[in-house]
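Heads up, the thing below is written out as structure tokens.
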Amino acid sequence: MSPTQTGPTEREARKVAEAARESEWTKPSFGKELFLGRLRLDLVDPWPSNSAEQIAAGEAFLARLRPFVESIDGPAIEENDSIPDEVFHGLADLGAFGMKLPTAHGGLGLSHLYYCKALTLAGSAHASVGTLLSAHQSIGVPQPVKMFGSEEQKQRFLRRVAGGEVSAFLLTEPDVGSDPARLACSAVPVDGGYLLNGVKLWATNGTIASLLVVMARVPSSEGRRGGVTAFVVEADSPGITVENRNAFMGLRGIENSVTRFHDVFVPAENVLGGEGRGLKIALTTLNTGRLSLPALCVTSAKWCLNVARGWSAERVQWGRPVGRHEALATKISHIAATTYALEAMLDLSCLLADDDANDIRIEAALLKLYASEKAWTIADELVQIRGGRGFETAASQRARGERGIEAEQVLRDLRIMRIFEGSTEIMHLMIAREAVDAHLAVAGDIIDPEASRDDKIRAVAKAGAFYAGWLPTLVAGKGAVPTSFGEFGPLASHVRFLERTTRKLARSIFYGMGRWQGAMEHKQAFLGRVVDIGAELFAMTAACLRAKTERVEHPEGVELADLFCQQARVRLGALFTALWDNTDDADDVAAKQVLAGRYRFIEDGIVLPSAEGPWVSPVVPGPSVKPDIRRHVPQPGR
Ligand SMILES: Cc1cc2nc3c(=O)[nH]c(=O)nc-3n(C[C@H](O)[C@H](O)[C@H](O)COP(=O)(O)OP(=O)(O)OC[C@H]3O[C@@H](n4cnc5c(N)ncnc54)[C@H](O)[C@@H]3O)c2cc1C
């Protein structure tokens, strides 16, 4: 049997994900309320702000960072597949490896807003620079140690990583991607600590990091629950071998590793947050960690808008600038409006995180999902707008004497954003789980095949009481009153639409629950659309609020918010229609047949890809038989 067919069942995988999920909601959540049919503008309006000190520190840092970013040779990073040591040193000197860490631990103490603004700026030198900083700070050692480390661990590690020592986060294994239930890397308790064994795949910064966060499974034993545990590991510990550096279609400057652990001793004091808490730590870290990839998507969107504007006005074909042909005008308009909305969503989510009055896990997840999908569409549109030049590398354009524009590179760099830190499919499931949570909470036993008859009867009564109170609230609301939301001026009609559509979304989820009941969790296409609707509603809200907040500074923003809302409303119409009018069932049957080989004949007529080697490399335990290729980035002043 191949490794993909063994291991935990779907039910077990779900159980692991459920155990890692934070089920508590102690703070209000705009995102969660949306799926319950309530547009809680009071949670986001007025637009939150950073304190005067946070703004001063943030602006001062951006002013220092900008000239350094301008000095980075992006094309050289692309050509050499590597970020030069001087860039590491320059970033370390600026404090860019500890942007969000408190000053008491050697960091800059920046707010989420300014951390993300700095990533957006740094990513414009080369997406790999932004990714290096993001992987180090959002999932590497700084964030989980700051959130879950003991005081002693903070003292031991944070100053090092703030000063420029690079860190990495190692969860993925050849057989573990979206499904952590399969995690095989083991941590066996021994005197004073643990012995780690296993192989980790694709860790960003893995070839250059000096500190690692490693997820490994402690076996359960007498009096010990064990479970997936997070360890901080010194990368030069005996028994660690960096066996490969991976190469990708984009982000050519990042350094990702295959790292083998063979009897690596890790002292007990390096366990983060306690045994068995690893996945919860990973998920909680990502609650705000998920803000950083959207910051890099905003970089790309702004960059694409700038190129689209310059090129489309200058390039003349068929008697007019190409941007004045309607087919391209629609793309340019989409890029401009979406860039405005993406930045609004990012800033709003960051400010809500800084404010700390709200739970932002759904907003951050919606943002990651939406920004990665939209940035990809934008970059694809730019390639089209650039015509043949969109497909040509910047180096080739420069060699011909033209301005080198990296449109194809941006497209390649962006593709992974839809896959790592929660793929689009996994984000859909994760957010959908929260969207239907209210229903599961009251109706869980009705749809649970393992619940007893008595439990089901009790659940029916409980659900009846909940729905009797909840359903009437979805029928009427402020959005039906023509004069409501007047404070949004020309955008008021969009906000009324938002209020009405939020209720419609909740009604649709309710109908879905009624129709599929226990099978709802398998209706991934339906749930995906539900989440996409939520993302559009959040984006519209952010765009309208941004325009209202900045109406003095940028009155023209109202036009962009209006445009974005018009476009989003068209997309929402299609999404709502597709909830009930789709080919999901036929697709499901067809996919089964494709997998079973029924339609193999349509693959005839070409030379097929090699069938050599396993789809997933088996992990052979034991010491490494490969040379260690870990790269030591010299530390300035060490
Ligand atoms: C450039 C790069 C950098 C990375 N950096 C890191 C890092 O720093 N640390 C780290 O630990 N990992 C890292 N990863 C790994 C990354 O997080 C995984 O690639 C990602 O989680 C997806 O896992 P996978 O590739 O194994 O895909 P799989 O899990 O095998 O998924 C394959 C496909 O199936 C879909 N799918 C899976 N499960 C479901 C489901 N239940 N329902 C619906 N669809 C599903 C997925 O969305 C995907 O489309 C990196 C990967 C790359 C390529």
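The first residue of the sequence shown is numbered 1, and numbering continues consecutively from there. Heavy-atom basis, side chains included; hydrogens, waters and symmetry copies ignored. Just follow the structure's listing: the first ligand is 1, and inside any ligand the first atom is 1. Please read all numbers here as calculations on a predicted model, not as lab measurements.
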Just to confirm, does any protein heavy atom lie below 4.0 Å from atom 35 (C) of ligand 1? no

Honestly, for T204 the part within reach of ligand 1 (heavy atoms, under 4.0 Å) is both

For Q524, the ligand 1 atoms with a heavy-atom partner under 4.0 Å come out as 42 (N), 43 (C)

The answer for which part of L251 has a heavy atom under 4.0 Å from ligand 1 is neither

Compare all side-chain heavy atoms of F169 with those of Q143 and state whether any distance is below 4.5 angstrom.
no

Looking only at protein heavy atoms, what sits closest to atom 49 (O) of ligand 1 is E425 OE1, 3.6 Å

The protein heavy atom nearest to atom 39 (C) of ligand 1 is I426 CD1, 3.8 Å

Checking heavy atoms under 4.0 Å, the part of N256 that sits near ligand 1 is side chain

shortest atom 9 (N) of ligand 1-to-protein heavy-atom contact is with F169 O, 2.8 Å

Heavy-atom proximity to atom 31 (O) of ligand 1, picking from A135, A282, A13, S178, points to S178

The atoms of ligand 1 lying under 4.0 Å from a heavy atom of L429, numbered in the order shown, are 40 (C), 41 (N), 42 (N)

Determine whether a donor-acceptor pair (N or O, by modelled atom type, separation under 3.5 Å) exists between the side chain of T120 and the backbone of T299. no

#### Entry: Any protein heavy atom nearer than 4.0 Å to atom 52 (C) of ligand 1
yes

Under 4.0 Å from one or more heavy atoms of S423, ligand 1 contributes atoms 46 (C), 47 (O)

Requested in this report: Would you please indicate yes or no on a ring centroid separation below 6.0 angstrom for Y194 and F231?
Outcome: yes

Heavy-atom proximity to atom 11 (O) of ligand 1, picking from I139, T131, T172, D179, points to T172

Heavy-atom proximity to atom 20 (C) of ligand 1, picking from I419, I416, V616, N205, points to I419

So CD of E434 and CG of L34: to nearest 0.5 Å the spacing works out to 13.5 Å

Aromatic contact, W516 with F526 (centres under 6.0 Å): yes

### Query
Is there a protein heavy atom less than 4.0 Å away from atom 44 (N) of ligand 1?
yes

for atom 4 (C) of ligand 1, nearest protein heavy atom and its distance come out as W202 O, 3.3 Å

NZ/NE/NH1/NH2 to OD/OE distance under 4.0 Å, E255 and R631: yes

- Message: Looking at R529 and D584, is there a salt bridge between them, counting it only when a charged N and a carboxylate O are closer than 4.0 Å?
- Response: yes

CE of M417 to CZ of F420, rounded to nearest 0.5 Å, is 4.5 Å

Less than 3.5 Å apart, any donor N or O on the side chain of D581 or T577 sitting next to an acceptor on the other? no

Are any non-hydrogen protein atoms located under 4.0 Å from atom 47 (O) of ligand 1? yes

